[in-house]
Protein chains: 2
Amino acid sequence: MSGIIKSEPFHIQAYKNIQRRLLEKEFSPGEQLTESFLAKKLGISRGPIREAIRMLLHDGLLVQSGVHVFVFDPTFEDVIDLYSCRERLEPLGANLAAQNITEENKQKLKEIIDNTESALSNKEDNHKIASLNTDFHDLITQSSMNRQLIQFMNLIRAKNIYMRNVLLGDFTRKEKFIDEHRRIADAILVGNKYEAEQAMVDHIQVDLETWKDIYKQK
Amino acid sequence: MSGIIKSEPFHIQAYKNIQRRLLEKEFSPGEQLTESFLAKKLGISRGPIREAIRMLLHDGLLVQSGVHVFVFDPTFEDVIDLYSCRERLEPLGANLAAQNITEENKQKLKEIIDNTESALSNKEDNHKIASLNTDFHDLITQSSMNRQLIQFMNLIRAKNIYMRNVLLGDFTRKEKFIDEHRRIADAILVGNKYEAEQAMVDHIQVDLETWKDIYKQK
DNA sequence: TATTTTGTAAATGTTGACAAAATACAGATA
DNA sequence: TATCTGTATTTTGTCAACATTTACAAAATA
């Protein structure tokens with residue numbers, strides 16, 4: 001019959017578990033993480049932990065110095081580096097999405113925009129709004145149908161979320177971005193790749209400016 | 001004192017070893033690779049092999065289907081996907097290199113151009129010329145001083161070399177590219193970031209056209 | 001004959017034990 | 001005081017044994 005849920009292997013569980021703890025700042029940036037410490041904390045052996053650590057090193061959420069592994073301690077320069085890449089890649093995603101998006105994803109895109117607007121007007125919590133924001137960007141990347149780009153954007157997104165949590169904390173902007181999102185979505189929905197790309201460039205640049213503003217006043 | 005060479009851990013050795021065998025097409029695209037097969041072949045246990053496999057999965061040289069791992073079997077669509085990303089990222093590298101390159105790297109850049117010219121006029125072997133080509137692109141990326149970009153370009157380069165070996169074999173172009181390289185280098189050396197970026201865009205587009213030509217006639 | 005069950009081989013998943021290496025620290029020496 | 005050096009401790013590196021999963025073939029059953 002059905003319904004038999006195959007549990008994930010431990011190294012995948014460990015990867016997600018540690019990633020979540022990192023995003024929730026349960027570990028301090030710069031802190032050393034040892035295999036045995038994590039193994040004991042998650043109640044499994046060091047083998048799967050090693051694999052999870054290797055994955056998080058690849059994601060850039062952990063960094064290696066010699067043989068030891070530490071929690072990534074981002075600087076504002078790291079934000080600039082990441083956004084330089086993001087500013088090139090994500091507009092490519094918007095461009096391709098305008099050409100390749102499926103009808104199903106068009107529907108989803110409209111829903112995300114609508115849900116975001118109502119969440120904003122209902123003043124729902126930051127977590128909900130941040131989640132919708134992520135969904136918006138993720139859907140566009142997925143709609144590009146470029147597997148290489150999707151892989152790169154996954155790396156960028158994880159690191160971006162982490163750096164935002166570490167460097168900005170709960171500070172965030174809530175009002176302006178919906179207009180920018182709608183401009184991007186409209187362009188994609190009518191298949192205007194140039195406008196979609198430019199709208200995404202503008203959106204990312206505004207986002208980085210907001211980073212700078214918040215970072216300055218801290 | 002000096003000269004004490006610390007041998008690398010097995011999983012790093014295994015990573016490089018398997019990567020080399022993949023680039024040399026010792027394994028066929030689409031072939032399944034098992035941990036025990038590789039462990040026996042390299043004469044080490046499965047543990048380090050597992051880690052090496054995970055790294056090669058991240059590089060995209062191996063792919064996972066269910067629990068099993070196979071040698072990446074690239075299509076021309078994969079080339080397009082990769083070049084779409086490369087066309088955005090590597091020109092960014094040239095742009096940044098024009099602003100941030102050190103005097104030391106300027107010297108190296110000139111040397112690479114000179115060596116390439118003499119290698120071409122002496123009709124040296126393809127391997128030597130391909131190596132100088134890689135050095136040229138790598139040096140520019142390094143000179144961007146953007147660590148995130150360097151990481152992405154490392155992924156792009158490995159996959160690019162692999163796909164070239166698999167899909168094009170020994171076919172390559174030898175004459176034209178030195179002029180394009182010199183145009184890029186000149187712009188970087190005088191700090192003209194716009195010209196450096198555009199020259200790199202043009203270079204990559206010509207490269208992709210060459211791919212298409214060679215691929216068509218096969 | 002069709003279907004289900006059982007058996008078997010091959011692959012990955014997981015662990016704990018031990019080896020090797022790096023690190024921290026105390027005490028000796030200049 | 002500063003530095004060297006040996007030692008204890010911690011951490012990563014490596015392995016081999018065992019467990020689990022999967023796919024497929026063979027056998028039993030309806």
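Residue numbers start from 1 in every chain, and the chains themselves are labelled A, B, ... in the order their sequence lines are given, proteins ahead of strands.
Distances were taken from every side-chain heavy atom of Pro9(A) (C-beta onward) to each of dT12(C), dT14(C), dA22(C); the shortest belongs to dT14(C). Closest to the side chain of Glu35(A), out of dG13(D), dT11(D), dT12(C), is dG13(D). The side chain of His68(A) lies closest to dA22(C), out of dA22(C), dG13(D), dT12(C).
When side chains are defined from C-beta on, His137(A) counts as touching Arg86(A), because their heavy atoms get closer than 4.5 Å. A 4.5 Å side-chain heavy-atom check between Met163(A) and Phe72(A) finds at least one atom pair inside the cut-off. Looking at heavy atoms from C-beta onward, Asp81(A) lies out of side-chain contact with Leu149(B) at the 4.5 angstrom threshold.
Rounded to a whole Å, the CG atom of Leu33(B) is 18 Å from the P atom of dA10(C). Atom-to-atom, CD of Glu8(A) to P of dT21(D) comes out at 14 Å; the value is rounded to the nearest Å. The nearest whole Å value for the distance from the CG atom in Leu57(A) to the C1' atom in dT12(D) is 13 Å. One can place CG of Leu38(B) at 14 Å from P of dC15(D), the figure rounded to the nearest angstrom. The interatomic distance linking Ile49(A) (CD1) with dT12(D) (P) rounds to 11 Å, in whole Å. Taking atom CD1 of Ile12(B) as the reference point, atom P of dT12(D) lies 15 Å away to the nearest angstrom. Separating the CD atom of Gln32(A) from the P atom of dA22(C) is a distance of 15 Å, rounded to the nearest angstrom. In this structure, Gln64(B) atom CD and dA11(C) atom P are separated by 15 Å, rounded to whole Å.
Ionic pairing of Lys212(A) and Glu209(A) is present here: one or more N-O contacts between side-chain nitrogen and carboxylate oxygen are shorter than 4.0 angstrom. For Glu103(B) and Lys106(B), the salt-bridge test passes: some basic side-chain N is under 4.0 Å from an acidic carboxylate O. Comment: Glu197(B) engages Arg88(A) in a salt bridge, judged by a side-chain N to carboxylate O separation of less than 4.0 angstrom. Asp138(B) and Lys108(B) are not joined by a salt bridge, as no carboxylate oxygen comes within less than 4.0 angstrom of a charged side-chain nitrogen.
Contact check of residues 41-48 of chain B against DNA chain D (heavy atom, cut-off under 4.0 Å) returns Ile44(B), Ser45(B), Pro48(B).
Position along DNA chain C of the nearest nucleotide to His11(A) versus Gly66(A) favours His11(A) as the more 5'-ward residue. For the pair Arg50(B) and Ser65(A), both in contact range of DNA chain C, the more 5′-proximal nearest nucleotide belongs to Arg50(B).
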Worked verdict on Arg157(B) versus Asn160(B) for side-chain hydrogen bond (donor to acceptor under 3.5 Å, both in side chains): CA-CA 5 Å; Arg157(B) 186 178 321 106; Asn160(B) 197 1; over 6 Å; no
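Counted by atom type alone, Asp59(B) and Tyr15(B) present one or more donor-acceptor pairs between their side chains at under 3.5 Å.
Base-pairing analysis of DNA chain D finds the following stems of at least three consecutive Watson-Crick or G-U pairs, with both pairing distances under 3.5 Å: C:1-30 with D:1-30.
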